[in-house]
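For reference, the structure discussed in these notes is given below.
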Amino acid sequence: MALTLLPYQSSFWSLFNDPKALGEATLIAIGAIVVGMIVRRIWPANFNPVLFGSLAAVGLVAALSYLGVASAGLVLWLFIGAAIIFGIAGLALGGL
């Protein structure tokens with residue numbers, strides 16, 4: 001018995017058509033943000049807590065994505081996109 005998938009059903013965009021996958025992605029994003037905030041609050045102030053809080057959040061999502069959770073891959077791409085947008089906005093608004 002051969003397993004065949006339609007190209008559309010196995011693509012990145014198919015995650016947006018599945019409510020369960022979107023809910024899973026939302027819960028992963030919320031959990032990663034909470035973990036990042038917890039790390040940021042407990043990290044010593046002189047050791048750049050914002051950086052390590054962000055790294056903890058992205059690291060959690062990357063680990064889930066590495067373990068095969070497809071929704072975590074979506075969240076990882078959204079985190080990368082948000083970082084690019086915030087970086088451009090920071091440069092455009094004189095954040096240097």
Side-chain angles (χ1 to χ4, degrees):
M1 180 177 192
L3 177 66
T4 59
L5 295 173
L6 296 174
Y8 182 70
Q9 290 178 342
S10 63
S11 71
F12 172 77
W13 299 109
S14 67
L15 290 172
F16 293 107
N17 294 326
D18 184 15
K20 184 178 177 183
L22 280 178
E24 188 178 60
T26 304
L27 290 174
I28 290 171
I30 291 170
I33 291 168
V34 167
V35 165
M37 290 300 296
I38 290 171
V39 168
R40 185 179 145 237
R41 295 216 180 240
I42 21 181
W43 206 260
N46 56 348
F47 289 128
N48 200 357
V50 175
L51 173 69
F52 285 100
S54 301
L55 287 176
V58 173
L60 174 70
V61 174
L64 287 173
S65 181
Y66 178 75
L67 292 174
V69 180
S71 299
L74 171 68
V75 174
L76 188 59
W77 279 111
L78 291 175
F79 277 9
I80 292 170
I84 291 170
I85 290 172
F86 288 147
I88 291 171
L91 289 174
L93 297 174
L96 288 178

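This is a predicted model, so every value here is computed, not measured.
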For this session: Taking all non-hydrogen atoms of both residues into account, name the closest pair between Ala57 and Gly36 and its distance.
Result: CB-CA, 4.2 Å
For this session: Return the set of residues passing side chain to side chain donor-acceptor pair (under 3.5 Å) with Ser71 (not counting sequence neighbours), or none when no residue passes.
Result: Glu24
Exercise. Is there any ring-ring contact (aromatic ring centres under 6.0 Å, His included) pair reaching into residues 21-40, and which pairs are they, with sequence neighbours excluded?
Worked result: none
For this session: Just jot down the ring-ring contact (aromatic ring centres under 6.0 Å, His included) partners of Phe79, sequence neighbours excluded, or say none.
Result: none
Exercise. Does Phe47 belong to the same Ile/Leu/Val/Met/Phe/Trp/Tyr cluster as Ile42, with side-chain heavy atoms less than 4.5 Å apart forming each link?
Worked result: no
Exercise. In chain order, what residues pass the side-chain contact (heavy atoms from CB on, under 4.5 Å) check against Leu22, with sequence neighbours excluded?
Worked result: Phe16, Leu74
For this session: Under the side-chain contact (heavy atoms from CB on, under 4.5 Å) rule, collect the residues that match up with Ile84, sequence neighbours excluded.
Result: Ile80, Ile88
For this session: Could you list all the side chain to side chain donor-acceptor pair (under 3.5 Å) pairs where at least one residue sits in residues 25-54, not counting sequence neighbours?
Result: none
Problem set entry | Val58-Leu67 co-clustered via ILVMFWY side chain contacts under 4.5 Å | no
Exercise. Where do Val61 and Ala32 come nearest, in terms of heavy atoms and distance?
Worked result: CG2-CB, 3.5 Å
For this session: Would you mind listing every side chain to side chain donor-acceptor pair (under 3.5 Å) that reaches into residues 59-68, with sequence neighbours excluded?
Result: none
Exercise. What heavy-atom pair brings Val75 and Ala25 nearest, and what distance separates the two atoms?
Worked result: CG2-O, 3.1 Å
Problem set entry | Co-membership, hydrophobic cluster, residues Val34 and Val39, 4.5 Å side-chain | no
Problem set entry | Rounded distance (nearest 0.5 Å) linking atom CD1 of Ile28 with atom CG of Leu76 | 10.5 Å
